[in-house]
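None of these values were measured; they are calculated from a predicted model.
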Amino acid sequence: MPPTLASVVRNTSLHLTVIAGADHLERPVRWVHTSELDDPTPFLEGGELLLTTGIKLGRTASQLQAYVHRLADAGVVGLGLGVGLSHSEVPKPLVEAAAQRGLPLLRVPEPTPFIAISKVVSAAIAAEQYEAVTTSFEAQEELTRAALGKDGTTAVVRRLAARLGGWAALYDGSGALSVVAPDWAARRAGRLAAEVDRLRRRPAPSSAALQGRSPGIDTADEDYVVVQSLGADRRARGFLAVGTEDRITPTERYVLNAAVALLTLTLERSRELRQAEERMGAALLRMVLAGEVATARQVALGLFGGLPEGTIRVLVAGTAQGADASEALSELAERAEQAGGRVGERLLVAREDGDPGSRLIVLALDNGAVHRACLGVVEEHEGVSLGVSAPAALDEAGVAFAQAERALAVALRGGRRSVDHEEVGAGSLLPLLGEEAVTAFAEGLLRPLREHDRTARGDLVRSLRAWLSRHGQWDAAAADLGVHRHTLRYRMRRVEELLGRSLDDTDVRMELWLALRSGEE
């Protein structure tokens, strides 16, 4: 702590006497300033102990009172009047004015030079700064050792709370509380959700200070709270909150900044490592979607501890052509990973950027934490839609992916935030899209196929419906039709020739499926 007026007065070598304002001697002294001006306030910053011999001071009570008011208004913490030159003793009106404003007034005897008072205060300030540097260095070493340990982030939070003599809490990028120390502070930390959410919407790093008491805390639980976002590339990877009984000192601020830096480094893994992990995860996902589940399981066991176990869904998030929602897709991927990490839920993620837009593919447990997190993020962001497959086994992920793609295409065209495959399969979206428009669209799209079926053999419309209903599985669709799969392949090539469009295009498949379903309504 900086020196106070009380500590200066207690220095017996100075022989100072308190004439007024004895109840305010605990004020910190930031500096000592000597001035003989009637109005020295333009040269003051606040927090000074002002020394004067009073040469230019007026003699009337009103002049002395005005002088004291100017000093008090400027934030001067104390006034020292040297006696023996201009004044043999401290003027009574000056004493009365200082007492009225609560400004400590010190009598400086003639043998005490002003420079002696300045040296005492300067030495105390230097000692405080040295202590701050030493303490900060020791704290930084302690926090660094904690960060390098097995439970790095948890250890840093606990050591920080102990250093500050208060509590500390760490939140993940979604704002969920992950670590708190001591344990009794969980209730207080949990009530900062609104403040953390506000910081989550601002570029990192940013901070907020809540003076008085924490929001929602009982009157008896007063805190000075600081919340700091953690991140180095404008995206918050987490949040740190600390609570102390009083405002944190400059030394404690150094300690807090050291903890922020260490936690940021811990949360912000190297970009190359993150990109490598993302590429491996995307490659595994594509293996699963291609039907190579057995191989993917073997690879994932060593890299990620395995693949999702149980009923899964494939979710495809995308943007309309020309829309820029890359940040929303990045947040969706991050929130999905955080949600899975909190409950130990496996997931696979792949990002695709290109024409007609950006997409994010997520494979996660049906109705699990990741599934719910994705739905929540999409609801928060404009311009991003989500297609969700039906529940499926992992071996059926390829079929689920096709379902999710069709659902996404419907969502983008209808301006929906999310669409489940069940809605598309049941045809329940058709009324939402407009009956007349859908009928006209379907008739125009299928006209070449129906004209072909009326004038030639081939039954293209029925074959197309069977093939789409089986999600492009040749053997299953051919069995439904009672024809050889080579025959079905020939018919689908004729469909492509007549329509002038590729059936490999997900949008084309979705449009044809809607057109076929509209004819059944």
Fill in: Glu380 bridged to Arg417 by N-O distance under 4.0 Å
no
Worksheet item: Do side-chain atoms of Arg372 reach the backbone of Asn367 as a donor and acceptor pair under 3.5 angstrom?
Response: yes
Discussion item. Tell me the closest heavy-atom pair linking Ala181 and Arg158, and the distance in Å.
Written reply: CB-CG, 3.6 Å
Worksheet item: Shortest non-hydrogen contact from Ser389 to Ala400?
Response: CB-O, 3.0 Å
Practice prompt. Enter the distance from His24:NE2 to Leu5:CG here, rounded to the nearest 0.5 Å.
Written response: 11.0 Å
Worksheet item: Has the side chain of Gln228 got a donor or acceptor atom that lies under 3.5 Å from a matching backbone atom of Ser206?
Response: yes
Item to complete: For the residue pair Glu292 and Arg286, establish whether any side-chain heavy-atom pair is separated by less than 4.5 Å.
Response: no
Worksheet entry | Donor-acceptor pair, side chain of Arg509 and main chain of Leu503, under 3.5 angstrom | yes
Worksheet item: Does a side-chain heavy-atom distance below 4.5 Å link Leu143 with Val255?
Response: yes
Discussion item. Restricting to non-hydrogen atoms, name the atom on Gly175 and the atom on Phe239 that form the minimum distance, rounded to 0.1 Å.
Written reply: N-CE1, 4.4 Å
Fill in: Leu230 side chain near Val260 side chain, heavy-atom distance below 4.5 Å
yes
Discussion item. Keeping Thr249 on the side-chain end and Glu252 on the backbone end, is there a donor-acceptor pair under 3.5 Å?
Written reply: yes
Worksheet item: Is there a donor-acceptor pair closer than 3.5 Å between any side-chain N or O of Ser7 and the backbone N or O of Pro3?
Response: no
Item to complete: Report yes if the side chains of Leu348 and Ile361 come closer than 4.5 Å at any heavy-atom pair, otherwise no.
Response: no
Worksheet item: Is the number of heavy atoms from other residues, nucleotides or ligands under 6.0 Å of Arg70 CZ greater than 12?
Response: yes
Practice prompt. Evaluate the side-chain proximity of Glu309 to Arg346: yes if any heavy-atom separation is below 4.5 Å, no if none is.
Written response: no
Worksheet entry | N/O donor-acceptor pair under 3.5 Å between Ser385 side chain and Arg416 backbone | yes
Worksheet item: If you measure from OG on Ser178 to CD on Gln338, what distance do you get to the nearest 0.5 Å?
Response: 9.5 Å
Worksheet item: Could you give the distance from NE2 (His381) to CG (Leu386), rounded to the nearest 0.5 Å?
Response: 12.5 Å
Discussion item. Has Ser207 got a side-chain atom pairing as donor or acceptor with Val227's backbone, closer than 3.5 angstrom?
Written reply: no
Fill in: side-chain contact (heavy atoms from CB on, under 4.5 Å) evaluation trace for Leu394 with Arg297
CA-CA 10 Å; Leu394 190 63; Arg297 284 188 187 278; 3.3 Å; yes
Worksheet item: Do Arg406 and His471 have side-chain atoms, one donor and one acceptor, less than 3.5 Å apart?
Response: yes
Worksheet item: Any sub-3.5 Å donor-acceptor pair from Glu379's side-chain atoms to Val377's backbone N or O?
Response: no
Worksheet entry | Sole residue of Leu445, Leu516, Asp505 in side chain to side chain contact (heavy atoms under 4.5 Å, CB included) with Glu511 | Leu445
Discussion item. Has Tyr171 got a side-chain atom pairing as donor or acceptor with Ala189's backbone, closer than 3.5 angstrom?
Written reply: yes
Worksheet item: Would Asp172 and Arg237 count as a salt bridge (Lys or Arg N to Asp or Glu O under 4.0 Å) if you check the C-alpha gap in whole Å, the side-chain angles of each, and the deciding distance to 0.1 Å?
Response: CA-CA 6 Å; Asp172 65 21; Arg237 305 297 179 187; over 6 Å; no
Discussion item. Working to the nearest 0.5 angstrom, can you tell me the gap between Glu345 CD and Glu337 CD?
Written reply: 12.5 Å
Fill in: Taking every non-hydrogen atom, the tightest pair across Ala407 and Val388
CB-N, 3.9 Å
Discussion item. Please report the interatomic distance CG(Leu210) to CG(Leu192), rounded to the nearest 0.5 Å.
Written reply: 6.5 Å
Practice prompt. Measure across Ala161 and Pro182 and return the closest heavy-atom pair with its distance rounded to 0.1 Å.
Written response: CB-CD, 4.4 Å
Worksheet, complete the sentence: Between Arg27 and Val76 the two heavy atoms that sit nearest each other are NH1-O, 4.4 Å
Item to complete: Take Leu284 and Met280 through the side-chain contact (heavy atoms from CB on, under 4.5 Å) test and state the conclusion after the steps.
Response: CA-CA 6 Å; Leu284 276 175; Met280 288 188 291; 5.8 Å; no
Discussion item. Would you compute the distance between atom CG of Leu315 and atom CG of Leu408 and round it to the nearest 0.5 angstrom?
Written reply: 10.5 Å
Practice prompt. Output yes when a side-chain donor or acceptor of Ser469 lies under 3.5 Å from a complementary backbone atom of Arg465, and no otherwise.
Written response: yes
Discussion item. As a quick check of understanding, evaluate side-chain contact (heavy atoms from CB on, under 4.5 Å) for Val242 and Leu256, giving each step before the final call.
Written reply: CA-CA 9 Å; Val242 297; Leu256 176 58; 3.9 Å; yes
